[in-house]
Amino acid sequence: MSAIVGTRSSLVWAVHLSLAAMVLLWLFPTAGLLVSSFRTTDQISTGGWWNSLSASEQNLTLRSAAPESQIENDGVFVIEGNLFEQGSEAVISVWGTSSRSIDAFKPGDEAPLKDGSTITVQSNGDYKRQGIEEITGRRGQRIFATALTPPEFTLDNYHKVLFDEKNRESMGKAFLNTLTVTIPATIIPILVAAFAAYALAWMDFPGRALLVAAIVGLLVVPLQLALIPLLTLHNQIGIGKGYLGVWLAHTGFGLPLAIYLLRNYMVGLPRDIIENARVDGASDFQIFVKIILPLSFPALASFAIFQFLWTWNDLLIALVFLVDSSGETTVMTKQIIEMLGTRGGEWEILATAAFVSIAVPLVVFFALQKYLVRGLLAGSVK
Amino acid sequence: MHPAFQAVLTIAVGVGGCVGYFYFSNQLLDRVLFPDKGIHAGRNITRANIIRPWLFLFPALAALGLYLAYPVFETLRLSLSERLPGNKSQYVGFDNYQQMFSEPKFWEALTNNMLWLLVVPALSTAFGLLAAQLSDRVRWGNIAKSFIFMPMAISFVGAAVIWKLVYDTRPIDQEQIGVVNAVYLFFGGDQPITWLTQIPANSFLLMIVLVWIQTGFAMVILSAALRGVPEETIEAAIIDGANPFQVFFKIKVPQIKNTIVVVWTTITIVVLKVFDIVFAMTNGQWETQVLANYMYDKLFRAQDWGVGSASAMIIMLLVSPILVWNVYNARKEMQ
């Protein structure tokens, strides 16, 4: 008996452990992006983001105060101060005064300088430069230090990516553009689809079954087929590339799923309510607006979330129907693709830009997960 | 006009237009064309009720016809014709297809697509099943599910950036910031490897990205199916002395077979359309081309609409069996 109990509990442990391993494995890549977006350029290049919570060894180039701050004390000219910004907890292990020997001195050593003065650097960054002649020059002495720097996180990347006026690849504008694409492209198909779904669910007419089958078929038609014919059409009727075109395209491509989801949901609504309303003299329009729409809220919400995520995350349709050579209407996904080309190695900018674009879907996801799951369960063709 | 203002205006026009259309077309039908008063009241109501469904359906059918049905035929026509200057085209039979079949890049794309079709649905479904089964048995299962499901919300482009960081390569004298190389060097690799240029491993590395995204989807659907398996069948198996693995593989899995097929086909369709991941990570270089990206190259870089449309038709051809099967099932369910 005890043997069975033993295997039971070890099996439970195995379940816990393997699920934990799986969750970690799935979270790890995203966590890397998130952490990297809060790190400085120096920190990113000195080690993997998984080390970011422990202190890292960095090679720094620092500068002492300019000679104008020197004080004369008993015939000795002195400049004193600290190499780090206030509040820094970095610890210097070795340092030097020339880029060719950055590890020439230990903390506390005295290094001779070209002008005859000497400089001493302590491990906490305190320095003292002194000479018997007045120290000249406009700028301070450069110090090359290898320091153990404590973890440091910054919001500078976000500021640079979102608000910097000088940054040509600003995500701020792309963010607004994405929002501009997304909201009409989410709302309009819902309305169009809801009416059609009602007709397909609750109105009797010849050819209804055929139409439902056709919509199930259209559900899987690859939208790749639509690119050239529709772009040509948009150009012919004068829409060209622009917001109107992309809204129309998203509406068209979102409709099959919308109709399918909503119809499946509406068919399940209780027949009594609708028949009673009919008997009481309500028209179809009234039944739809006053009864069906409010009752279908969960299905409407499910589709709205799908369509929102899909339009927000879309690249292909925006590339084809929206983004023109002026770049004024660029969306975030397109902007990130551009950055992958121009800033391949600058991970702090890339990570921040990517995180700006995935932050909104993640918030929507965690807030409305219930509806998303419900929609998925209803939407997968059984 | 500022785009944000234009967007607000479009929402107003779109929503107002839809509501207005439905309201006024119904009014028109009931009050003007077939009023339910006077001598023909009865006949009029019947007639109005015959027309009304089509009023409700019209905007949706028009949009579906124009944006999904028409392009299928137009693309078929384009794939059989050659573009001539001045918006004209000429029927050329199967020339475009012949030209496409003679390109090695097309065969590379097709082969890769077939590999994607084998690997991604299989791994996503397997991992999804594993996650569903494991998370149903622990108390913190729902949190675990949330996190595994999360990549579904991330764009393919965002995922591409995330995984590019994972596969990143730095020169040997610098610290590795990509975890794959860091692990590789930790376990005795002597040189950091630029993973995305390693043929044929790179195609599989791209597939991992899609598996990572789709596992959550598979898990959610399969988890619901697993909960639907009747308790009695499981209890009976345990009483008969089945161990947990036997219960899972011999009792549960056979009962959710249909759901597994649904998940598999849904992911298959996603795979056939996969474009963004390859576009963002390698753009089809180093033999990672897939059909959707090949098509984009032909259409918008080479401006070759004939071959581009021909490759789109190949994607359509590959989707068709699933399309037919879905329609068949939907019709069976309706009856």
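Atoms considered below: every heavy atom in the structure, side chains included; atoms not considered: hydrogens, waters and symmetry mates. Letters A, B, ... mirror the listed sequences (proteins, then strands); counts begin at 1.
- For a residue to count as touching a neighbouring chain, one of its non-hydrogen atoms must lie under 4.5 Å from one of that chain's; by this rule A:F28 touches chain B with the side chain only.
- Interface remark: B:Y328 contributes no atoms to any contact with chain A (heavy atom separation under 4.5 Å).
- Heavy-atom distances place no part of A:H250 under 4.5 Å from chain B, backbone and side chain included.
- Side chains of B:K298 and B:S311: a donor-acceptor N/O pair is absent below 3.5 angstrom, by distance only.
- B:Y21 does not touch chain A: none of its heavy atoms, backbone or side chain, sits under 4.5 Å away.
- When heavy atoms are compared at a cutoff of 4.5 Å, A:T251 does not approach chain B at all.
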Open item on the list: Under the criterion side-chain contact (heavy atoms from CB on, under 4.5 Å), I'd like the reasoning laid out for A:L316 against A:L227: C-alpha separation, chi angles, the key distance, then a yes or no.
Closed with: CA-CA 9 Å; A:L316 184 58; A:L227 303 180; 4.2 Å; yes
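- Chain B forms the most heavy-atom pairs under 4.5 Å with one residue out of A:F253, A:W312, A:F288, A:W202, and that residue is A:F253.
- When each of B:I162, B:I143, B:D276 is scored by its heavy-atom pairs under 4.5 Å with chain A, the top score falls to B:I162.
- Ranked by non-hydrogen atom pairs under 4.5 Å with chain B, the options A:A193, A:G252, A:A351 are led by A:G252.
- In this structure, chain B has a heavy atom under 4.5 Å from the side chain of A:F205, while its backbone stays farther away.
- A donor-acceptor pair under 3.5 Å is formed between the side chain of A:D314 and the backbone N or O of A:A318.
- Neither the backbone nor the side chain of A:I190 comes within less than 4.5 Å of any heavy atom of chain B.
- Only the side chain of B:R170 has a heavy atom closer than 4.5 Å to any heavy atom of chain A.
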Open item on the list: Test side-chain contact (heavy atoms from CB on, under 4.5 Å) on A:L223 and B:K273; report intermediate values, then the result.
Closed with: CA-CA 8 Å; A:L223 57 88; B:K273 300 180 194 171; 5.5 Å; no
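- Ring pair A:F306/A:W310: centre-to-centre distance not below 6.0 Å.
- No more than 12 heavy atoms of other residues, nucleotides or ligands shown are found within 6.0 angstrom of CZ on B:F73.
- Of the listed residues A:L230, A:V192, A:I188, A:V15, the one with more heavy-atom pairs under 4.5 angstrom with chain B than any other is A:L230.
- Contacts between A:I187 and chain B at a heavy-atom distance below 4.5 Å involve the side chain alone, from C-beta outward.
- Counting heavy-atom pairs under 4.5 Å between each of B:Q133, B:E74, B:M150, B:R331 and chain A puts B:M150 at the top.
- For B:I154, the parts lying under 4.5 angstrom from a heavy atom of chain A are both the backbone and the side chain.
- At a 4.5 Å heavy-atom cutoff, the contact between B:L61 and chain A is made by side-chain atoms alone.
- The backbone N or O of A:L255 lies less than 3.5 Å from no partner atom in the side chain of A:Y260, so there is not a single donor-acceptor pair.
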TODO: Run the numbers on B:Y167 and B:N181 for side chain to side chain donor-acceptor pair (under 3.5 Å), then give the verdict.
DONE: CA-CA 7 Å; B:Y167 299 141; B:N181 268 320; over 6 Å; no
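- Most heavy-atom pairs under 4.5 Å with chain A, from the set B:L66, B:L299, B:I50, B:V179: that is B:V179.
- Across A:A185, A:P229, A:S36, the residue that shares the most heavy-atom pairs under 4.5 angstrom with chain B is A:P229.
- For the ring-ring contact (aromatic ring centres under 6.0 Å, His included) test with B:F22, the passing option among A:F285, A:F195, A:Y198 is A:F195; the others fail.
- Between A:I358 atom CD1 and A:L34 atom CG the span is 8.0 Å, to the nearest 0.5 Å.
- Proximity of the aromatic rings of B:F279 and B:F156 is defined here by a centroid distance below 6.0 angstrom, and this criterion is not met.
- Under the 3.5 Å distance criterion, the side-chain polar atoms of A:T178 are matched with a main-chain donor or acceptor of A:M332.
- Using a 4.5 Å cut-off between heavy atoms, A:Q369 contacts chain B through its side chain alone, with no backbone atom that close.
- With respect to the salt-bridge test (charged N to carboxylate O, under 4.0 angstrom), the residues B:R52 and A:D284 qualify.
- Chosen from B:Y296, B:Y70, B:W140, the residue pairing most often with chain A at heavy-atom distances under 4.5 Å is B:W140.
- For a residue to count as touching a neighbouring chain, one of its non-hydrogen atoms must lie under 4.5 Å from one of that chain's; by this rule B:V261 does not touch chain A.
- Among the candidates B:I269, B:I148, B:L272, B:L55, the residue making the largest number of heavy-atom pairs closer than 4.5 Å to chain A is B:I148.
- Within the 4.5 angstrom heavy-atom criterion, no atom of B:V263 approaches chain A.
- Looking at B:F275, the atoms closer than 4.5 Å to chain A (heavy atoms on both sides) all sit in the side chain, from C-beta outward.
- Side-chain atoms of A:T311 come within 3.5 Å of backbone atoms of A:F308 as a donor-acceptor pair (strictly under, hydrogens ignored).
- With a threshold of 4.5 angstrom between heavy atoms, B:W212 approaches chain A through its backbone and through its side chain.
- In terms of heavy atoms, A:R208 sits closest to A:A201 at NH1-O, 3.3 Å.
- For A:L315, the parts lying under 4.5 angstrom from a heavy atom of chain B are both the backbone and the side chain.
- Both the backbone and the side chain of B:L165 come within contact range of chain A, with heavy atoms under 4.5 Å apart.
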TODO: Could you walk me through whether A:L244 and A:H234 pass the side-chain contact (heavy atoms from CB on, under 4.5 Å) test, one step at a time?
DONE: CA-CA 10 Å; A:L244 191 57; A:H234 281 180; over 6 Å; no
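- Neither the backbone nor the side chain of A:I305 comes within contact range of chain B; no heavy atoms are under 4.5 Å apart.
- Annotation: the span from A:L309 atom CG to A:L372 atom CG amounts to 6.5 Å, rounded to 0.5 Å.
- Contacts between B:V166 and chain A at a heavy-atom distance below 4.5 Å involve the side chain alone, from C-beta outward.
- Residue B:N283: no heavy atom, backbone or side chain, is found under 4.5 Å from chain A.
- The part of B:N26 that comes within reach of chain A is its side chain, from C-beta onward, which places non-hydrogen atoms under 4.5 angstrom from that chain.
- Residue contact with chain A, scored on non-hydrogen atoms closer than 4.5 Å, involves the side chain of B:P151 exclusively.
- Note: B:P53 leads B:A312, B:A280, B:P53, B:S320 in heavy-atom pairs under 4.5 Å with chain A.
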- [ ] Check step by step if side-chain contact (heavy atoms from CB on, under 4.5 Å) holds for B:F300 and A:L231.
- [x] CA-CA 11 Å; B:F300 298 104; A:L231 191 60; 4.1 Å; yes
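- Judged by distance alone, the side chain of A:S283 and the main-chain N or O of A:Q286 form a donor-acceptor pair under 3.5 Å.
- Sparse packing is recorded around CZ of B:F58, with 12 or fewer heavy atoms of other residues, nucleotides or ligands lying under 6.0 Å away.
- The most heavy-atom pairs under 4.5 Å with chain B, out of A:A354, A:A214, A:S357, A:A249, come from A:A249.
- Most heavy-atom pairs under 4.5 Å with chain B, from the set A:G242, A:G32, A:A197, A:P256: that is A:P256.
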